[in-house]
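Since this is a predicted model, take the numbers as computed values, not measurements. Sequence positions, counted from 1, serve as the residue numbers for this chain.
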Amino acid sequence: MADSGLLLKRGSCRSTWLRARKARPQLILSRRPRRRLGTLRWCGRRRLRRRLLQAQAAGVDWREGARQVSRAAAAGRPKTATPSPIPSPTPASEPESEFESASSCRRPLLIPPVRPVGPGRALLLLPVEQGFTFSGICRVTCLYGQVQVFGFTISQGQPARDIFSVYTHSCLSIHALHYSLPEKSKKELKREARNLLKSHLNLDDRRWSMQNFSLQCSIVLLEHLKTASVNFITSYPGSSYIFVQESPTPQIKPEYLALRSVGIRKEKKRKGLQLTESTLSALEELVSVSCEEVDGCPVILVCGSQDVGKSTFNRYLINQLLNSLPCVDYLECDLGQTEFTPPGCISLLNITEPVLGPPFTHLRTPQKMVYYGKPSCKNNYENYIDIIKYVFSAYKRESPLIVNTMGWVSDQGLLLLIDLIRLLSPSHVVQFRCDHSKYMPDLTPQYVDDMDGLYTKSKTKMRNRRFRLAAFADALEFADEEKESPVEFTGHKLIGVYTDFTYRITPRNRESHNKILRDLTILSYLSQLQPPMPKPLSPLHSLTPYQVPFNAVALRITHSDVAPTHILYAVNASWVGLCKIQDDVRGYTNGPILLAQTPICDCLGFGICRGIDMEKRLYHILTPVPPEELRTVNCLLVGAIAIPHCVLKCQRGIEGTVPYVTTDYNFKIPGASEKIGAREPEEAHKEKPYRRPKFCRKMK
């Protein structure tokens, strides 16, 4: 019985091998692979048979895997199998003939070849009008040709650019562009290309590049990227996956291993950023207007509901404008999802470098910034309008201005948007809509002229399509000269943009997603406290804070009314705005100095109130703001923007009880169970009482 069972087992293995042999007659299986085939289970044999069929359909040698498909085999190939062909290098020959044959008769590569050129470095060859979509972070240098990333053009000879294609946003792509070739012979072009590659690649890599090189081909060097900001963010649990995504099924392909050493992974094209025709048309029109404007710089206001692509459009537009202009101005009016500053701010910035990643990868120092203190302006609209007017007054109209607005476009949010259009007087209004967005009327000049805002009244059209802000001066405190000569501006041009993309954010998880992005922005700001690479990271509790006397700064809680006896409890272990007010606060001998109203003043930066010394009457402030700017700070503003929980709970190098964190907490206290730093829902219109944090804050 045992022998018969063994014979049956051998017979089944032999029949499986025969079927595989029949499926691929050209495949030569030795005895060793045949014996290995007998040890596989039925699922393994089925998987092997499928691979053999794919190899037969592709016409690729199973062992070598690098020969191109012959024309005879391609003619009889079944249409159901579509494996990716693998490009092969041409046979080695003399350098002169290599370049000439590659540039004259080589067909375009279907897959961009990738070659490792050292530890953490890879070489990418991109045929013209082809792209390479990836996830991860890397440093990109264009050695030859011209490529475009997120709308920004990188040419040969330009400095390297840091690109962040992270998990929280759409994957980025490197696209090869057409570029003008000089009137030179092929020999001169070959010599020029070799000279450009000589300082970056060795002899073998240069030969490989010439073998796969063709005219209008771009050569890109990908390098591993490590910065203090990346190391600091990834040091906290839950944030390590933001920049690097491991493949769910590890591969052993040379291309995968080369890209993995760089820190990136190749992705499918559908995972990259897809722009609709209306988006491309709007970008082309706005870039043309900005470059050809002779009467003045355009003011572009971008509006639409939440999660329709406004921020992505703004980044792409900034990069497109920087291809032709030296700088672009940016006015941030979205409190919850700021682009260049920590959340809760209204700021004006002058952008001179491209933005090649999400907001937490490119924080900038603004020209003028005011700390509002909350991720939403509800229940305090007038203060929101006053701050925008104060920040907008610093705009010098020397470069195009892009205005980013909130995603609240219903009910009072729509009326507030109408007030902004009348206040800022944009030349172009870009209105976004998609299938899942809420209904929003077209903000045409006629509609804005006939509708009442929260603080403005509708005006009938004048003779030359102009209207005035006469009623606006009564609602807001304008200067005397502005009241005598009301602001006049012409109607804007409305540009409608329809977006269509895979929508992963739902109303249920939108708030948690936005909270994660705000926490990442704060972590990125705190990373400025770290020493430059390659020095190791320093925990925040090991850094030396600044000592600020009580009588040197004034205090104000912006988002709620707090009893004077509890002010210091609210300030301790909080995220504070370092501001500068016009009043002199140094006349007081004791402290703390409390403000009765929230001032509209310049914010120079942010910090953490690490502790309060009641005996010496000192605040201990941890901030990356330079000391020369800290000398002018005389006000500390505390809002609803909270320090990320991971900063308090996951402090490295602490033994025993973690400061400011406790498990003995009474959630029955009024306000104790409310979320800290969360956006208020659209249905809420009442001012909430002061929220007691979930962390126990004890003063020294």
Side-chain angles (χ1 to χ4, degrees), residues 299 301 329-351 359 363-396 401-406 408 416-417 419-420 423-424 454-455 472 475-479 482 518 521-522 525 553-560 571 574-583 585 595-607 621 623-626 629-630 632-642 677 679-680:
V299 178
L301 186 141
D329 287 336
Y330 187 88
L331 178 61
E332 182 62 77
C333 299
D334 189 356
L335 298 170
Q337 302 299 327
T338 53
E339 186 69 31
F340 300 101
T341 63
C345 298
I346 297 175
S347 58
L348 177 67
L349 302 97
N350 185 260
I351 309 301
L363 296 184
R364 308 287 169 84
T365 301
Q367 289 182 337
K368 201 176 193 63
M369 178 174 62
V370 175
Y371 184 46
Y372 186 83
K374 294 194 300 182
S376 175
C377 69
K378 294 178 180 178
N379 308 318
N380 198 359
Y381 312 111
E382 186 174 352
N383 190 31
Y384 176 75
I385 291 290
D386 288 340
I387 293 176
I388 291 180
K389 180 179 179 297
Y390 175 76
V391 175
F392 181 68
S393 62
Y395 176 52
K396 300 179 181 179
L401 176 65
I402 300 176
V403 182
N404 184 36
T405 59
M406 299 183 297
W408 183 31
L416 192 63
L417 180 60
D419 288 339
L420 285 182
L423 172 64
L424 303 179
L454 283 179
Y455 300 101
F472 206 40
L476 303 178
E477 297 180 358
F478 277 82
E482 292 177 342
R518 289 194 289 269
T521 303
I522 295 178
Y525 186 85
V553 293
L555 295 179
R556 175 64 182 174
I557 308 297
T558 63
H559 64 290
S560 183
V571 175
S574 294
W575 180 259
V576 295
L578 309 178
C579 305
K580 179 177 64 176
I581 59 178
Q582 300 297 330
D583 300 335
V585 298
L595 297 177
Q597 294 180 349
T598 302
I600 299 179
C601 55
D602 294 341
C603 181
L604 305 181
F606 297 90
I621 305 296
T623 176
V625 178
E629 297 184 12
L630 287 177
T632 61
V633 173
N634 57 1
C635 178
L636 301 180
L637 298 182
V638 181
I641 308 299
R679 282 202 193 198
E680 299 176 4

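- Residue Leu420 holds its CG atom at 6.0 Å from CG of Leu417, rounded to the nearest 0.5 Å.
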Quick one, Leu424 with Ile388, criterion side-chain contact (heavy atoms from CB on, under 4.5 Å). Give me CA distance, side-chain angles, the key distance, then yes/no. CA-CA 9 Å; Leu424 303 179; Ile388 291 180; 4.2 Å; yes
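- One finds the CG atom of Asn380 at 8.0 Å from the OG1 atom of Thr598 (value rounded to the nearest 0.5 Å).
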Worksheet item: How far apart are the C-alpha atoms of Leu423 and Lys389, what are their side-chain angles, what is the distance that settles it, and do they pass the side-chain contact (heavy atoms from CB on, under 4.5 Å) test?
Response: CA-CA 8 Å; Leu423 172 64; Lys389 180 179 179 297; 4.3 Å; yes
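- The shortest side-chain heavy-atom distance between Leu630 and Thr623 falls under the 4.5 Å cut-off.
- Counting heavy atoms from C-beta on, the side chains of Leu363 and Phe340 never come closer than 4.5 Å.
- Not counting sequence neighbours, the partners of Asp329 by the side chain to side chain donor-acceptor pair (under 3.5 Å) test are Asn350, Ser399.
- Ring centroid separation for the pair Tyr381 and Tyr455 does not come in under the 6.0 Å cut-off.
- Separation of atoms CG (Asn404) and CD (Gln337) is listed at 10.0 Å; rounding is to 0.5 Å.
- Residues Leu301 and Ile402 fail the side-chain proximity criterion, which asks for heavy atoms closer than 4.5 Å.
- With contacts defined as side-chain heavy-atom distances shorter than 4.5 Å, the pair Tyr372/Thr558 does not qualify.
- Taking every heavy atom of both residues into account, Leu578 and Ile621 meet most closely at CD2-CG2, 4.3 Å.
- Looking at residues two or more places apart in sequence or on another chain, you find a side chain to side chain donor-acceptor pair (under 3.5 Å) between Asp602 and Lys368, Tyr390.
- Residues Gly605 and Val625 share a closest heavy-atom pair of CA-CG2, 3.8 Å.
- When all heavy atoms of Pro366 and Thr341 are compared, the closest pair comes out as CG-CG2, 4.2 Å.
- In plain terms, the two heavy atoms of Met406 and Cys377 that are nearest each other are CE-SG, 3.5 Å.
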Give the C-alpha distance, both sets of side-chain angles, the deciding distance and a yes or no for side-chain contact (heavy atoms from CB on, under 4.5 Å) between Ile522 and Phe606. CA-CA 10 Å; Ile522 295 178; Phe606 297 90; over 6 Å; no
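- Distance CD1/Ile346 to SG/Cys603: 12.0 Å, rounded to 0.5 Å.
- Proximity of a side-chain donor or acceptor of Arg556 to a complementary backbone N or O of Leu595 within less than 3.5 Å is detected.
- Two residues are said to be in side-chain contact when any heavy atoms from C-beta on lie closer than 4.5 Å; Pro375 and Ile641 meet this criterion.
- With rounding to the nearest 0.5 angstrom, the OG1 atom of Thr521 is 9.0 Å from the CD atom of Glu339.
- Counting all heavy atoms, side chain and backbone alike, Cys601 lies closest to Val370 at O-CG2, 3.4 Å.
- Annotation: the span from Ser347 atom OG to Glu332 atom CD amounts to 5.5 Å, rounded to 0.5 Å.
- No side-chain heavy atom of Val391 sits under 4.5 Å from any side-chain heavy atom of Met369.
- Counting all heavy atoms, side chain and backbone alike, Val633 lies closest to Val553 at O-CG1, 4.0 Å.
- Using a distance-only test at 3.5 Å, with no hydrogens or angles considered, a donor-acceptor pair links the side chain of Thr632 to the main chain of Glu629.
- Test Asp334, Leu331, Leu348 against Val403 for side chain to side chain contact (heavy atoms under 4.5 Å, CB included) and you get one pass: Leu331.
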Would Ser376 and Trp408 satisfy side-chain contact (heavy atoms from CB on, under 4.5 Å), going step by step from the backbone distance to the final call? CA-CA 9 Å; Ser376 175; Trp408 183 31; 5.6 Å; no
